[in-house]
Amino acid sequence: MTQALSELQQKFHNIITNPNLSPKQKTHWLSLEAEASLPYVAVSDAVREVMADGSVCDMFEGHAPFKPRYVLPDYAVFLKNGSEYLELAPAQDFDDALNMLSIIYHHVPSVTSIPVYLGQLDDLLMPYVGELTDEQLYTKLKRFWIMLDRTLPDAFMHVNIGPADSPVCRTILKVDAELKQIAPNLTFMYDPAVTPDDLLRQAASNICECSKPHIANYPMHAAAYGDKRFGIVSCYNSLPLCGGSNTLVRMNLKLVAAKAKDEADFLESVLPYHSELMRELMNARSSFLHQDSNFFESFLAKEGLIDEQRFAPMFGIYGMAEAVNQLMDKAGKAGRYGHDVEANELGHRISARLAQLVDEMTVTYGLNGKAVLHAQGGISIDDAVTPGVRIPYGTEPDPVSYVQATAGHHQYYTSGISDILTIDETVKANPEAMFNLAKGALMAGYREFTANVASNDLVRITGYMVKLSDIARYDDEGSRTNTTFLGAEAAKNTGVLERMPRVASLEMTPALAR
Amino acid sequence: MTSAVKPLERTAKVSRILNFSCVDGPGNRMVIFLQGCNFNCISCHNPHTINHCNHCGDCVPHCPTGALQITKDTNENKVTWVSSLCTQCDLCLDVCPHQSNPKISEISVSDLLALIRKHHFFLSGITVSGGEATLQLPFIIALFSAIKADAELSHLTCFIDSNGELTLTGWDKVAPWLDGAMIDLKSWQSETHQWLVGRNNHRVLASIKHLADLGKLHEVRLLHIPGKSDLDIEVAAVGKFLAGLPESVNIRLNAFQHHGVVGEALEWSKCSKSDIEYFHSLLYQYVRRPMSLPGVYS
């Protein structure tokens, strides 16, 4: 190849010749570059400014969106009616149902091109269980689970189960704990009026085994979207079933708070100004998708698996901790977010104000004309900004204090709030403690309970506390075992020098590190 | 925690409260560490919990944030801890010549009940630990009986983590409100025990048997210090003793480590994973049922 390449061609060439990407991964990155070569959807100079300074971010969704960010098909309609487009008859038995689901998942797009929602599987599959024994059910679901992980390897691909007890629900929990795969991700719906304690105990015990499932507060989500009319997808986004999210735009509260004189200025002037620009950007992006991309002409819409009216833009925020601490500084107060009652209450006021702004805002393509508020969990490029409304890493109080400091936010974030509690691994020997924590968090008003059981820096051994870093120093060993990073961090920290893992989290890595 | 103490209400000297613990009994427990201990173990992992502060003031100039101050209390010098200024750097513990801790709160039963109420949805129960918790037995009885009499809290289980030195009469006093006790057995021969902790183990063995008879023994913990404690040398006697306990009693093997330890015990070998596994294999020949082993070794 002697001809000089244009800049764009050089990008394509770099991807195509990359030694560490599979052909499928190359195809994905090439498509992103192709889309990025088109002009950005039309927005005002004011929007360009806040995007340039980082206050507002489009999550690298692309310049010309041709698929919604998250799609939650009503798979029950598909199993019941079959599909004319896919030439499939209605499901007759359990094997039919699994086979049909395996097929349709490959036709459900998302921002990462891998589906983020695989359905409320217990409700979907229970009608087809028929005479199957528990053992047959176990074998079939285990094969299905392995197939999902090997063919659709993304940690944000989500299965939902619960709140009611059923053989499918129990078997999925059993298989998931046994296989400990990254995919699929799993949310268990909890409803104190419906879910037996021993089922929640099994879920809590699973968390100790594999940091899954997440536990969703069913009555809270049902109050927002209607009974059985929602799903939990990706990293804890709650969205309308038979619909989803057309775009996610997020506001960096850390940078926005830096522009405010004080709390009043922030709440009454700076925040409304940026919210209006968020609205403009959400409208511009969703209008292209709905009007120009022809996405809603697909068989998913024609056959009733999705309804264009049930898509809403997500109004995301992150960096609450830094925003609160800056406003506390400006007021000459020393209290810190997560630890000080006054700082925590300021955070709650900011969330309440955001919810009010989103509620009063009309968008072009929304659910009943509205966007949905979301506390966003961060992406790999975020530097020194804490995800969503979390308490900054390394300064977290004990899990009970953590929940009580942040529970006040959960009521406001209709489309989910990504908060992860890190629990030290001694809990593995005492899953009842995880059960207590999950139940306490949901009673305290948590919309979702997510816990990671990790080799945390602080580990308690009977009766006293040890810091793993202290032990390392004490033993003069020097190096601590490295955590296994997901693809996102690997790409960020090392470029693509290392082969990307087979199972990745594409959503965390919206842009290929160069 | 700072509310005025009502006259005549029981209070305790508390060195620390944890809202979340999964290693101090079943489920998540609030753990209340009480200051003061009647053992003086060479191998103590928390030596700053042994004595009550004598207000010598040696720690005060070392505090980097001025959280420790000398105040006058009926003409006596008193070390006062201002928790709002404290960064928990623990320098005061390092410099204390008296195996004590100036960061002690005097907490009443009603203050503690309010805290437990705030957290009760998250808890299976509470555990009082130490130091040696039973040195403040009247407070424990007042606290446990108040919990059991409270409609909202009565489902919470009440546990004591103890060195077993309490008298049988003492255990009988708290038994009506006690759900479980966790007792350390540090050595088998009385002479070894005397050398290791400063007292013989007659009362410890009696406490274990008595609590088992009362149905209140949750766990017996054996701290294995290779070459120092005699639990491995005396494994036949230890094993037969443990085998005689009800099957419901958890037997936990702990491995001696250096963290927190001061003085000569720092020269002792730490107990490795293979040490504890070998000890377990010896003990298992007599006990013949599952025992808990450490999750982490340093």
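Below, all heavy atoms of this structure are taken into account, side chains as well, without hydrogens, waters or symmetry copies. Numbered from 1 within each chain, the chains take letters A, B, ... in sequence-line order.
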- In this structure, which one of A:T426, A:N436, A:L437 forms a side-chain contact (heavy atoms from CB on, under 4.5 Å) with B:C22? A:T426

- Task: Using side-chain contact (heavy atoms from CB on, under 4.5 Å) as the criterion, point out the one residue from A:Q404, A:K439, A:M443 that pairs with B:F122.
- Result: A:Q404

- For the candidates A:A441, A:G440, A:P397, A:P431, which exhibits the highest count of non-hydrogen atom pairs separated by less than 4.5 Å from chain B?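 That would be A:G440.
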
- Which portion of A:A438 sits near chain B, non-hydrogen atoms under 4.5 angstrom: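 No part of it gets close to chain B.
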
- Query: Does atom CD of B:Q88 have more than 12 heavy-atom neighbours from other groups under 6.0 Å away?
  - Reply: yes

- Message: How close do B:S124 and A:E432 get, counting heavy atoms only, and between which atoms?
- Response: OG-CG, 3.9 Å

- Identify the two heavy atoms, one from A:V400 and one from B:N19, that lie closest to each other, and give their separation to 0.1 Å. CG2-O, 3.5 Å

- Query: Based on non-hydrogen pairs under 4.5 Å, which of B:M182, B:H119, B:H120 is most in contact with chain A?
  - Reply: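 Option with the greatest count: B:H119.
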
- Item | Nearest-0.5 Å distance, CG of residue A:N430 to CZ of residue B:R29 | 9.0 Å

